[in-house]
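As the structure is a prediction and not an experimental result, all values here were calculated from the model. Note that these values count all heavy atoms, side chains included, but never hydrogens, waters or copies made by symmetry.
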Amino acid sequence: MATINDKVGIASLVRSALHLDPTDSIVLVLCANSSVLATLRIDARPETEASEFASSVIRILASISEPIDATILVSYEGDKAMTFAQYDELSQRLDLAGAPIAKAVLVTNGQIMDYDGDSTDAVDYAEVYTNPFTLEAMLATGSLRLAEDAPQCTEATEATMDAKAERIAQMAGEDYLSIQARGITAIALQFGNDMMHQIARYLDHGKVTEDMAGWIAGTYALRMGRDTATAALAGTASTEQELAELLMGDTLIADRKIFDAGAAMLYEALEFLAGDDRPNVLAALGWTRWMAGQGTEAMKFLDQALAIDPEHRLSHLQRRLFTSGKLPKSASTPDK
């Protein structure tokens, strides 16, 4: 049975935690009392001076509420890689922070090996896919929903477009106009409830239908609908400040099952959404991946949104947020 002291077990744990095979990255598995607290992925930046690189990592770790007493580091080398100077500086900083590197692993050229070894211990990365950590994650989460596999649609069906028009008309009706008049709190509550209803329908049907996709397209056609429905995946906002905190990743995800189900619903809805109806949903999916600590995958969803609409404002704003080094609280705090 592999453990987190075994290099294959470590790589498998990382893959299971991040739901992807990292590339051009440094991953830190943060531990306390021999248990994993969080798994963080950072882009490799070999051009960054070693001290600056180490400082940026330490700043991220400072945002984690739980005490850390050990770190496992995995360097995924591809087109970019962490430099030896960066590793040495980071190792010294982690020692001073009381979270020394207990083990360092290198993944490169399809092989896994000790970071500071001579590569004679190298094993094929393919062993990760049959490791207990990976198999357990596959059973728990099913197939991974990656940006590169996102459903494509060149033309929406008539049923989808009818449902979209119906939703837009509903939001323009007197009931919703009166809600808007009461301010952002009332809007967030209404659209949050609407989103929960759709997620319940999705779970009941076991799939996204054309009318569900049309509802999503209509809701996400309006900024207030898009932002409040997306925020509702993470929790309930009773003030404008709380809404901002949800979208900025400053609060924990309230119910991970609802969050995951909502993200799955948005992903499957792409099968029925074409053209201008896709970027806002793709951006929302990018946000869900960022909230889960999957920065690389988040950026891939934004890339797809910008490929459709190069001026898509939300995607540009999110790109700045995702690359700022800010770590959403839900990605740095273990599920209870």
Side chain to side chain contact (heavy atoms under 4.5 Å, CB included) between Val29 and Thr71, worked out: CA-CA 6 Å; Val29 180; Thr71 305; over 6 Å; no

Is there a side chain to side chain contact (heavy atoms under 4.5 Å, CB included) between Leu40 and Val27 once you walk through the steps? CA-CA 5 Å; Leu40 311 178; Val27 173; over 6 Å; no

Applying side chain to side chain contact (heavy atoms under 4.5 Å, CB included) to Thr228 and Leu243, what does each step give before you reach the verdict? CA-CA 8 Å; Thr228 54; Leu243 178 63; 4.1 Å; yes

Taking it one step at a time, do Lys7 and Asp121 satisfy salt bridge (charged side-chain N to carboxylate O under 4.0 Å, His left out)? CA-CA 10 Å; Lys7 55 183 175 289; Asp121 64 322; 3.6 Å; yes

Salt bridge (charged side-chain N to carboxylate O under 4.0 Å, His left out) between Asp277 and Lys164, worked out: CA-CA 10 Å; Asp277 288 330; Lys164 174 186 175 181; 2.7 Å; yes

Output, in order, the C-alpha distance, side-chain angles, deciding distance and verdict of side chain to side chain contact (heavy atoms under 4.5 Å, CB included) for Tyr87 and Phe53. CA-CA 9 Å; Tyr87 173 81; Phe53 168 78; over 6 Å; no

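Ionic pairing of Arg167 and Asp162 is not present here: no N-O contact between side-chain nitrogen and carboxylate oxygen is shorter than 4.0 angstrom. With respect to the salt-bridge test (charged N to carboxylate O, under 4.0 angstrom), the residues Asp303 and Arg319 qualify.
Gln111 is listed as a side-chain neighbour of Asp124, based on a closest heavy-atom distance under 4.5 Å. Between Met299 and Thr323 the shortest side-chain heavy-atom distance falls below 4.5 Å. For the pair Ile258/Met196, a side-chain contact is recorded, criterion being any heavy-atom separation below 4.5 Å from C-beta on. Residues Lys300 and Glu297 have side chains in contact (heavy-atom distance under 4.5 Å, counting atoms from C-beta outward).
A donor-acceptor contact under 3.5 angstrom links the side chains of Asp21 and Tyr125, judged on distance only. For Thr288 and Tyr267, the side-chain atoms include no donor-acceptor pair closer than 3.5 Å. A side-chain donor from one of Gln241 and Glu245 sits under 3.5 Å from a side-chain acceptor of the other. Counting only N and O atoms by type, the side chains of Glu210 and Thr157 include a donor and acceptor under 3.5 Å apart. Neither side chain, Asp194 nor Gln198, offers a donor N or O lying under 3.5 Å from an acceptor on the other. Between the side chains of Ser330 and Arg256, not a single donor N or O lies within less than 3.5 Å of an accepting N or O. Donor-acceptor pairing under 3.5 Å is lacking for the side chains of Thr296 and Arg289.
Side chain of Asp24 to main chain of Asp79: a donor-acceptor pair is present (N/O by atom type, distance under 3.5 Å, no hydrogens or angles). Checked by atom type and distance alone, the side chain of Glu77 never pairs as donor or acceptor with a backbone atom of Val107 at under 3.5 Å. Distance alone, capped at 3.5 Å, is enough to place a donor-acceptor pair between the Thr185 side chain and the Ser238 backbone. Remark: side-chain polar atoms of Asp69 are not paired, donor with acceptor, to backbone N or O of Ala99 under 3.5 angstrom. A donor-acceptor contact shorter than 3.5 Å links the side chain of Arg278 to the backbone of Leu270. The closest donor-acceptor contact from the side chain of Thr230 to the backbone of Arg226 lies under 3.5 Å. Judged purely by atom type and a 3.5 angstrom limit, Asp114 has no side-chain atom pairing as donor or acceptor with the backbone of Ser119. A donor-acceptor distance shorter than 3.5 angstrom exists from the side chain of Ser178 to the backbone of Asp175, with no hydrogens or angles considered. A donor-acceptor pair is defined here as one N or O able to donate and one able to accept, closer than 3.5 Å; such a pair exists between the side chain of Trp287 and the backbone of Leu247. Distance alone, capped at 3.5 Å, is enough to place a donor-acceptor pair between the His205 side chain and the Arg201 backbone.
Put simply, OH on Tyr76 and OG1 on Thr108 are 12.0 Å apart, with the number rounded to the nearest 0.5 Å. Rounding to the nearest 0.5 Å places CG of Leu73 at 9.0 Å from OG of Ser91. A distance of 10.0 Å separates CD1 in Ile216 from OG1 in Thr160, rounded to the nearest 0.5 Å. Annotation: the span from Leu30 atom CG to Ile68 atom CD1 amounts to 4.5 Å, rounded to 0.5 Å.
Using a 4.5 Å cut-off between side-chain heavy atoms of Ile, Leu, Val, Met, Phe, Trp and Tyr, with links allowed through other members, Leu246 and Met265 fall into different hydrophobic clusters. Leu314 is not connected to Ile184 by any chain of hydrophobic side-chain contacts under 4.5 Å among Ile, Leu, Val, Met, Phe, Trp and Tyr, and they are in different clusters.
Closest approach of Thr251 and Met291 over heavy atoms only: O-CE, 4.4 Å. In terms of heavy-atom proximity, Tyr115 sits nearest to Ser75 at CE1-CB, 3.9 Å. Nearest approach of Ala261 to Ile199, heavy atoms of both residues: CB-CG2, 3.9 Å.
Exactly one residue among Arg93, Gln92, Gln86 makes a side chain to side chain donor-acceptor pair (under 3.5 Å) with Glu89. That residue is Arg93.
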